[in-house]
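Presented below is the structure to which this report refers.
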Amino acid sequence: MTVELTLLRLDPIGVPPYSARGISQTLAPIDGAAQLARTVNGAMIDLSDSNFRKYRSTISCTDQQQPALDGVWPGMILTVDCAIELSYLTGGSPEREVAGTTDDPATRTEGSFTFYRPRLTMMVIDYQTGIDEWGADANWTLSLEEV
C-alpha cells in the first residue's frame, strides 16, 4: 500500500515522497486568453476565441527531497492532477476533467457549490530547483501551460 503525501500527481514523472509537502499551486488564464475591447459607445466587449481558454500553472514547494525532474525539459507534456481546486454551482458540471478515479473522484460539495481538482494536460515551460544544504531544504518551482 502506497501512502500519498500530496494531492498533486504528475504523470509520467511522479512525485517522490517528501518532495511536495506544503506545496503551492496557482492557476491563471494563459496570455492571450482575453481580448477585451470597448465599442465606440464605451461598452466593454469580449473578442476572445474560446480555444484560448486555457490555464497556466506554477507549482512550488520547499521540502526535504528534490522532485523527479531528471530528463524533464521544456516542451514535455505532463498530465497534472492539480492540488488546487476549482468550483461551480452544484447541479452544473465541471469545465475540466476531474482528477481521481471514477470510484473516488476528487470532488466535494459545500453549500451550493461543488469543488473539484482538475486533471489538466500541460506542457513544461520552465523549472528551477535549489537546495539549502545546511537547512536540508530542497526547493523547486515548475511552470506549466495547458496544451
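In what follows, residues are counted from 1 in the order of the sequence shown.
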> Is there a side-chain contact between Ile125 and Leu144 (heavy atoms, below 4.5 Å)?
Replying inline: no

> Apart from Leu36 itself, what residues make up its hydrophobic cluster, given side-chain heavy atom links below 4.5 Å?
Replying inline: Met44

>> List the residues meeting salt bridge (charged side-chain N to carboxylate O under 4.0 Å, His left out) with Arg96, not counting sequence neighbours, and say none if there are none.
In response: Glu146

>> Tell me every residue that passes side chain to side chain contact (heavy atoms under 4.5 Å, CB included) with Pro17, counting only those two or more places apart in sequence or in another chain.
In response: Leu5

> Taking only residues two or more places apart in sequence, or in another chain, which ones meet Phe115 in a ring pair (Phe, Tyr, Trp, His ring centres under 6.0 Å)?
Replying inline: none

> Are side-chain heavy atoms of Phe113 and Leu89 found at a separation under 4.5 Å?
Replying inline: yes

> Is Leu142 close to Thr58 at the side-chain level, that is, under 4.5 Å between some pair of heavy atoms?
Replying inline: no

> Is Leu7 reachable from Leu86 through a run of I, L, V, M, F, W or Y residues, each pair having side-chain heavy atoms under 4.5 Å apart?
Replying inline: no

> For Pro16 and Ser19, which heavy atoms make the closest approach, and how far apart are they?
Replying inline: O-OG, 2.6 Å

>> Applying side chain to side chain contact (heavy atoms under 4.5 Å, CB included), can you list everything that pairs with Asp132, at least two apart in sequence or on another chain?
In response: Trp134, Asp137

> Pro29: what forms a side chain to side chain contact (heavy atoms under 4.5 Å, CB included) with it, not counting sequence neighbours?
Replying inline: Ala33

> With Ser60, which residues qualify under side-chain hydrogen bond (donor to acceptor under 3.5 Å, both in side chains), at least two apart?
Replying inline: none

> Does the side chain of Gln25 come under 3.5 Å of the side chain of Ser57 through a donor N or O and an acceptor N or O?
Replying inline: yes

> Under the side-chain hydrogen bond (donor to acceptor under 3.5 Å, both in side chains) test, which residues partner Asp70, sequence neighbours left out?
Replying inline: none

> Roughly how far, to the nearest 0.5 Å, is the CZ atom of Arg21 from the CG atom of Asp63?
Replying inline: 4.0 Å

> Looking only at heavy atoms, which two atoms of Gly130 and Gln66 are closest? And how far apart?
Replying inline: O-NE2, 3.0 Å

>> Is there a side-chain contact between Ile23 and Trp140 in this structure, where contact means two heavy atoms from C-beta onward sitting under 4.5 Å apart?
In response: yes

>> I need the minimum non-hydrogen distance between Leu47 and Ala37, along with the two atoms involved.
In response: CD1-CB, 3.8 Å

Which pairs of donor and acceptor atoms, one on a side chain in residues 72-82, lie under 3.5 Å apart (sequence neighbours left out)?
| unit_1 | atom_1 | unit_2 | atom_2 | d |
| --- | --- | --- | --- | --- |
| Asp81 | OD1 | Arg119 | NE | 2.6 |
| Asp81 | OD1 | Arg119 | NH2 | 3.4 |
| Asp81 | OD2 | Arg119 | NH2 | 3.0 |

>> Do Tyr88 and Leu120 land in one hydrophobic cluster if side-chain heavy atoms of ILVMFWY residues count as linked below 4.5 Å?
In response: yes

> Minimum heavy-atom separation for Thr129 to Leu69, with atom names?
Replying inline: CG2-CD1, 3.6 Å

>> If the condition is side-chain hydrogen bond (donor to acceptor under 3.5 Å, both in side chains), which residues does Thr90 pass it with, not counting sequence neighbours?
In response: Thr114

>> Checking side-chain polar atoms at under 3.5 Å, does Thr39 have a donor or acceptor matched by the opposite partner on Asn41?
In response: no

> Considering residues at least two apart in sequence or located in another chain, which fulfil the side-chain hydrogen bond (donor to acceptor under 3.5 Å, both in side chains) criterion with Asp49?
Replying inline: Asn51

> For Pro118 and Leu27, which heavy atoms make the closest approach, and how far apart are they?
Replying inline: CG-CD1, 4.3 Å

> When rounded to the nearest 0.5 angstrom, what distance separates CE in Met122 from NZ in Lys54?
Replying inline: 10.0 Å

> salt bridge (charged side-chain N to carboxylate O under 4.0 Å, His left out) with Glu95: which residues, sequence neighbours excluded?
Replying inline: none

> Does atom OH of Tyr18 have more than 12 heavy-atom neighbours, drawn from other residues, nucleotides or ligands, at distances under 6.0 Å?
Replying inline: no

>> Donor-acceptor check, side chain of Arg56 to backbone of Ser143, threshold 3.5 angstrom: yes or no?
In response: no

